[in-house]
Each structure stands twice: as structure tokens, then as C-alpha cells.
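Worksheet for the structure shown next.
Every number for a ligand or one of its atoms is a count from 1 in the order of the listing. By convention here, the first residue in the shown sequence is residue 1.
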Amino acid sequence: MTKHLSNLAPYVAVPLDPLPNDAEALGSDFQRYLSYYLGRFQGCPQVYMYEALAYTLRDRLMVDWRSTWGEYLQPGKRRAYYMSLEFLIGRSLGNNLLNMGICNETQQALLDYCTSMEEVSSQEPDAGLGNGGLGRLAACFMDSCATLGLPVVGYGIRYEYGMFRQHINDGYQMEEPDHWLRDGNPWELERPEYSQRVQFGGHTEHYIDDDGKPKVRWVGSNDVLAIPFDMPISGYRNKTVNTLRLWKSTATDEFNLDEFNAGSYTEAVEAKNHAEHISMVLYPNDSSENGKELRLRQQYFLASASLKDAIRLWERQGNHDYSKFAAEHVFQMNDTHPTIAVAELMRILVDTKGLEWDDAWNITRNCMAYTNHTLLPEALERWSVPLFAKLLPRLLEIIYEINARFLREVSMKWPGDTGRQRRMSIIEEGGVKQVRMAWLAIVGSFSVNGVAALHSQLLVDGLFRDFYELWPEKFNNKTNGVTPRRWVAHANQGMTALISENIGEGWIRDLAQLEKLKPLAAPEHSAFHAQWRAVKLANKQRLADLVKKECDVDFNPSALFDVQVKRIHEYKRQLLNILHVIHLYRRIKQGRLENWADRCVLIGGKAAPGYAMAKRIIKLINSVAEVVNTDPEVNGRLKVAFIPNYRVSSMEIIAPAADLSEQISTAGKEASGTGNMKFMMNGALTIGTYDGANIEILEAVGEENFFLFGLRDADVAELRRDYRPWTYMERDDDLQGVIDWLRSGHFNMSEPGIFDMVLDALLSPHDPWMTLADFRSYVDAQEQVSLAWQDQAAWTRMSILNTASSGFFSTDRTMEEYNRDIWKLKPGANGE
Ligand code: 26Q
């Protein structure tokens, strides 16, 4: 039976006694969990060792978790809520150990069980609750907020199935469900007493209440329950543990009961099943998939449960004066996915709290903030009005009211400009009407930001121009980052030790201190350079072992490791990379080995299951790899591997081992990129276009330490008007040769024609990604890379300078900017 909150007293956090962290205490707790809780003993499968250790650590997080909550619940304390359909967390064990500072003690405790940390850590399944960049960004943000002691709660969905597992079968991607919760999740804490009810369907009734006021109620709905599961988010050695609250959907009790009384027991259980579908699976598309009803259900489920939860918490602390609500809350919306929250907060305030529309609207637009992550117009979310009317009838009415009032404002400012009104309307007319979620997000927020300088500029110049002209003060940039804890201190322990020996440990919390490495890049520090190279070599050996195991390809650690890992997308241009690989292969076959550098090319990433072209690109990469790797004439000069099932835990091995980071999107298309930052921090050099955060990386490290190539975004726009891809072939024998080899069927002898769709796309005058236009410039830049690689001393200097210049790309800096400009929170006493 669900306990309801009205029964609960105001929250008071009674402090817990801390648990000892010495090896002996850790060992005996571990032993107790293994024997008495899990009922296992030494020699059991390693996964139980992982579970016992996770429980041992969670106990120790509990003390600070409780005191952090208590801190945030002080009267008048302003809090931020990060709302996201995705949190791509990965594994938690190693990260928590690092943050708690008890790696050595734990290692010691495990010695008695004849097992190593690596062995135990690798048992943890990745929490793959995200697609790619946007989801991982949310996880890095959570880490930095905890480390900065910022009162930020993450709200998301506890998907039963995360991102699918990718297998490669005969070169083709196969998807397999990822039942990551099968063995339970030792980190999470279920809190059924904080469940929330969420309505779907039904209809609205307009009526006059007892005071003669017109009111609306939403009736006849099918409700589901949202049950919160909390994940602890530890800060780095600062006694702060923040909360990520993930919602699971279940049926309400009485929903079952109705049917039960009608004698249809099995139908009642089936209805329960239906309710549980909402949090069943993550949508594996990283560009919007339009129109899927279940996806809209997920979005409303998250928005509604989270808002009600935040309000419940606030009221429970004795607050009822809604004129203070906006001063104490900010909701950051991760893209438009949770944007229905704008209308839901209005509904709650007007229909259930009885506020006047204008008061409710002032509150709403003072506590919502929106982050945009895409420039591709086709990726902007829209929902059909009929679907909205069926699923969320009251919310549609509210959106219409918001829109009517907004369009009045527009027509006051630009009388008679009906074209502008049509462009800016939240409802798109013509054919089936659509709700434009980005417009709703902008109208309902006080802050709208892009995720890199170029991206934010392009937004106000292009997609959001009309809105910028109306409200310039709303728009701002917040360049993305990544957390140096997971991506350096945890993933690259060799480099971490070396850096700390030389400049101390302060950089882990204050990444700008990496600047202190700059003097060490000078040639006279050859001993340091040798150590730097040795660390990289060890990391490359570790990756080579993984590639051997996963792909059965031999990578020689002394060759240049050339890496592109990210979602497979035409705009990210994995095709350009593979054209270059074919070019290198032709050079070997033709004996053109001038300035040659031996290379191991690694590519990885998932294609959305319905994205046929992306899937064919994976097949092409595997087909080229097969030919190159088995040709004796290549003789180790070139290796190509596609690493299956690329995910957070694979990046922890890949980033520290990369020499060259491929960031080669068509200029103006990649909003930011964050893989680029992980590689830079770990001492890789970037070959990249003038796009997204590449530009800021280039500015930080200097052009002499970066391989820049290709058209700029303005060139791309200009060339769009008259693009003739074949002309690049006519002018370039290398490109002609590469395309000819592809067309000849050399890479698909047993499957004729399978790459025709790829060739057609490359040679189409409508190719939006203009791959052939950048081929020559890319190949030339790659020759500069090979040349630079010949001089290992110079390469090492550039590598050090990349790490030393990466301080800006810490999410600590990003979060400080969000807080300074948008959230305006005070760090808790626990934070520093
Ligand atoms: C929307 C509707 C229905 C189904 C799926 C979606 C959907 C899901 C995920 C749409 C987009 C995404 C993910 C987008 C994403 O990851 N964008 C990336 O965000 C990063 C963090 O800001 C940037 O660095 C990348 O440049 C950007 O591509």
C-alpha cells in the first residue's frame, strides 16, 4: 500500500554515525554482505563480490547523503532540478571509490578474497540510461554539482532496459536488449512513500466553483503511479552526496480494483502491465523520432512526477506562499524532451493550487530554463495536436492559452506582421497541426542556452532568430565540459599519478591548474617526457588487449592510435574517416610510402536501429577492416577495427590510449561534442573541423597543436546553393581512386551492390554533409599528422600541451557558469 505524503511530518535529517573506513572494517562489512545478505561465500561468481562491495560503500555514502539532504532543506534554500530523459551514468563503483578516497583500503580488504579491483569493477553493468552526448553530459553535470556542493537534484526515468547492446554479426549491427537491472541495482534506494500519481487520457470539465470562479478539472483519466528510486551522487572528497531521482512507472492500486470487481482479474493485471510500459525502455534515437505516443507518455510522466515531487517537498517544509516559489526553484530542461513541464507547472498552479493565470505564468517563466543541443532543424521535436488532445487534453488547452497570449505580445511588438506570427506560433498550422516543443520551451523559460560558442551564435542567427529579436536577454552560451574525476583521475590513473607528482593534486578539483604543466612541455624536461610517453604506451597496451579480445585485431602499441568513437551519424562523417582509410590502403598497394606513419584506426558507435544509412556505414567500416587486416601486403602498416558496443566503460579505456582524436563533423552541425574534450584531457591531439567546441579547443591549445581542416560553416551554407560533388573527383586522383575502389566491389565481393546507397549519398548534389568537398583538405591534414608523428619528441610536447590547456573543459567550470548566470544557488556547507 502506498503511503501518502500528507501523513508525513516535516523532514528533519537526524545525523547518522559515520562508519569506519579502514581496510579491516571494510573487509568485515564486505564479508557480512557476502555471507549474510547475499548468502554466498569465497569462490562464488565475481558478480556477488561486486554487489557485496557496492553495499559496503553505499552504507558509507549514507551518512553524507543524509546530511547533504538536511543542508538543502533549510528554509528559503534555493534548489535546482536538472530534468532529463537521459542520464548516461556508466559504472558507479570505481567513481565512488575515487570520490570517497578509499581505493587503497578497499584494495587491501579485497586481498583476502583473492580478487582485484579491476576484476570486481568489471562485473558492474553500465547504467546506460542515455543515447550519447546529451545523456553523458547530464551525468558529468551531476558529478560536478556534487563536487561543488551545489543543491541540484537530477530527475530522470529508471528505464528497465537501457541503451541496447550492439553485436556485430558478419559486419552488420545487431541489437540486443540491455536488461541492466536483472541482478538488481545495489546503489539505488527505492522510496515508495514518495510515489506520485500521473494522469493520462480522459477529458476536461469547465465549471464554476463555490466562490463563483471559472475552473477546470481533468477527469476520467487513466492514472499511473511514479515510484522514485534514488541514486547517490558523491562529490569528490567533500562530504557531499547529491541525489539522482529516477522514476519507475506502475499501476495504481484502485485502477486494478475497478476491473477486479467487474470480475476481470486477468485484464486488471494486464492494465498493470500497460502502466509499467512507460519506464520500460529508453528510445535509442539521438535525433528525434517523431510522433511515438509512448515517448510523449515518458516525457509527461517525468515532468509531472518531478514537478509534483519538488512541490511536495517544498510544502512539507511548511511553504504555501507561492509568491516565493520561483525564488526557491529552478528547473533546467535538458533539451525539449521534458518541456511539457512548462504546461504542467501551469496546470498544477492554476487547477490544483488555485492561482490566477498571470501569477502562475510569472512563476513558471521565472523558474524554467532550457538548454538546446541541436542545430539540425529536422531534429526539433513536434507533437501532433490530435495525439496531444487524446493523451493530455488539459495540457493542450493550456498550451493554446499560452500561445494565444504570447501571439498577442508578438502582434503588439510587430503589428500586422502575420508572417512572423505564423513562424513564432507554438502551434504549427497546415496539415495536421503540430506543437513545436522548442517554441514552448523558449516562451516558458527565462534562460535559453546553447552548448558551445558557435552553436549559441548560430541559434540566435538562425533557428531562434525571431525569439532573439523579441527577448535578447534570455539567450546565452554555456560551453559543455566533462568531469575530470571519471575521465582522468579514474580512467587514467597512470597519468593522474604523474601529473600529481609534478604539480600536486589540486588540479582534480580545479582543472585550470593543469596550466602548471605547460613549462614541463619544454624540451629540457626530457625525463618527464619519457614518463609521459610510458604512461601513454601502457594505456595503449590496455586498449590493444581490449581490441584483441573484442575484434580479434592486433594493434601494435607503437603505432599511431587514430580514434573516432561516437554515435554513427551522417553529419559526424565516419564516412570521411573510412574514405581516408581506403586512401591509405591504396597508398600501400601502390607503394607510395613517403612520410608514412603506421596507424591503428579504431572506430566505434551505435546506429539508431531504424537508421538504415548509419547501419550500412557500420557494415562498410567492417568490410574495409576485413580486407585491410587480412592483406599480407599491408604488413602491419595499417590496422582497422570496429569496436562493438561502444559505451561509457569502453571510453574509459579508449580515451587514455588515443593519440589522435577524430572530430570531423560537417561545420555547423555538431552542437558541441564532448568526446573531443575527453580525448584532449588525456593528451590526444585533435584532427577536426571548425565546429562546435572544436573551435574552443583550438583556441585553448593553439593552432600549432591542432590539425584543423575543411570548410567553415559559412562556406558550407554558401556551397549548398550549387554543390557538385563529382567535380572534386575530377580534380583529385586520390579521391577518384578511392571512389573507384569502392564502386568496383573490392570490399564487398560476396555481397554486390550493398554500398551503392553510400556512393549515391556521397555523390548526390543534395548531400547535406558535403563529405567529398572536405576530402582533400582532410587527407592533407592527415599527412601533417603522419609527419608530426615522425618526431616523437615534438608529438609528446603537443600531447602535454593539450592536457595542460584542457582546464576550461571541466564541467566544474560549466556548472559554475550555469550557477552564476542561471541558477544562482548558494553552495551547501558541505561543499567548498
Ligand atoms: C527525441 C525525441 C524522441 C526520441 C528521441 C529523441 C532524442 C534523444 C536524444 C533526440 C536527441 C537526443 C540526443 C541528442 C544529443 O546527444 N545531442 C548532443 O548533445 C551533446 C551535449 O550537449 C553535444 O555535445 C552534441 O554535439 C549533440 O549532438
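- In this structure, Lys606 forms a cation-pi arrangement with Phe164, its terminal cationic atom sitting closer than 6.0 Å to the ring centre and no more than 45° off the ring axis.
- A search for salt bridge (charged side-chain N to carboxylate O under 4.0 Å, His left out) contacts involving Glu175 returns Lys615, not counting sequence neighbours.
- For Lys566, there are no salt bridge (charged side-chain N to carboxylate O under 4.0 Å, His left out) partners at least two apart in sequence or on another chain.
- For Glu699, there are no salt bridge (charged side-chain N to carboxylate O under 4.0 Å, His left out) partners two or more places apart in sequence or in a different chain.
- No donor-acceptor pair closer than 3.5 Å links the side chain of Arg158 to the backbone N or O of Lys248.
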Could you go through ligand 1 and list every pair where one of its N or O atoms sits under 3.5 Å from a protein N or O, giving the atom names and the distance to one decimal?
from     : atom 1 : to     : atom 2 : distance (Å)
ligand 1 : 16 (O) : Leu134 : N      : 3.0
ligand 1 : 22 (O) : His373 : ND1    : 2.6
ligand 1 : 22 (O) : Asn480 : OD1    : 2.8
ligand 1 : 24 (O) : Gly673 : N      : 2.8
ligand 1 : 26 (O) : Glu670 : OE1    : 2.6
ligand 1 : 26 (O) : Ala671 : N      : 3.3
ligand 1 : 26 (O) : Ser672 : N      : 3.0
ligand 1 : 26 (O) : Gly673 : N      : 3.1
ligand 1 : 28 (O) : Tyr571 : OH     : 3.2
ligand 1 : 28 (O) : Glu670 : OE1    : 3.1

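- Salt-bridge formation is detected for the pair Arg813/Glu817: a Lys NZ or Arg NE/NH1/NH2 atom is positioned less than 4.0 Å from an Asp or Glu carboxylate oxygen.
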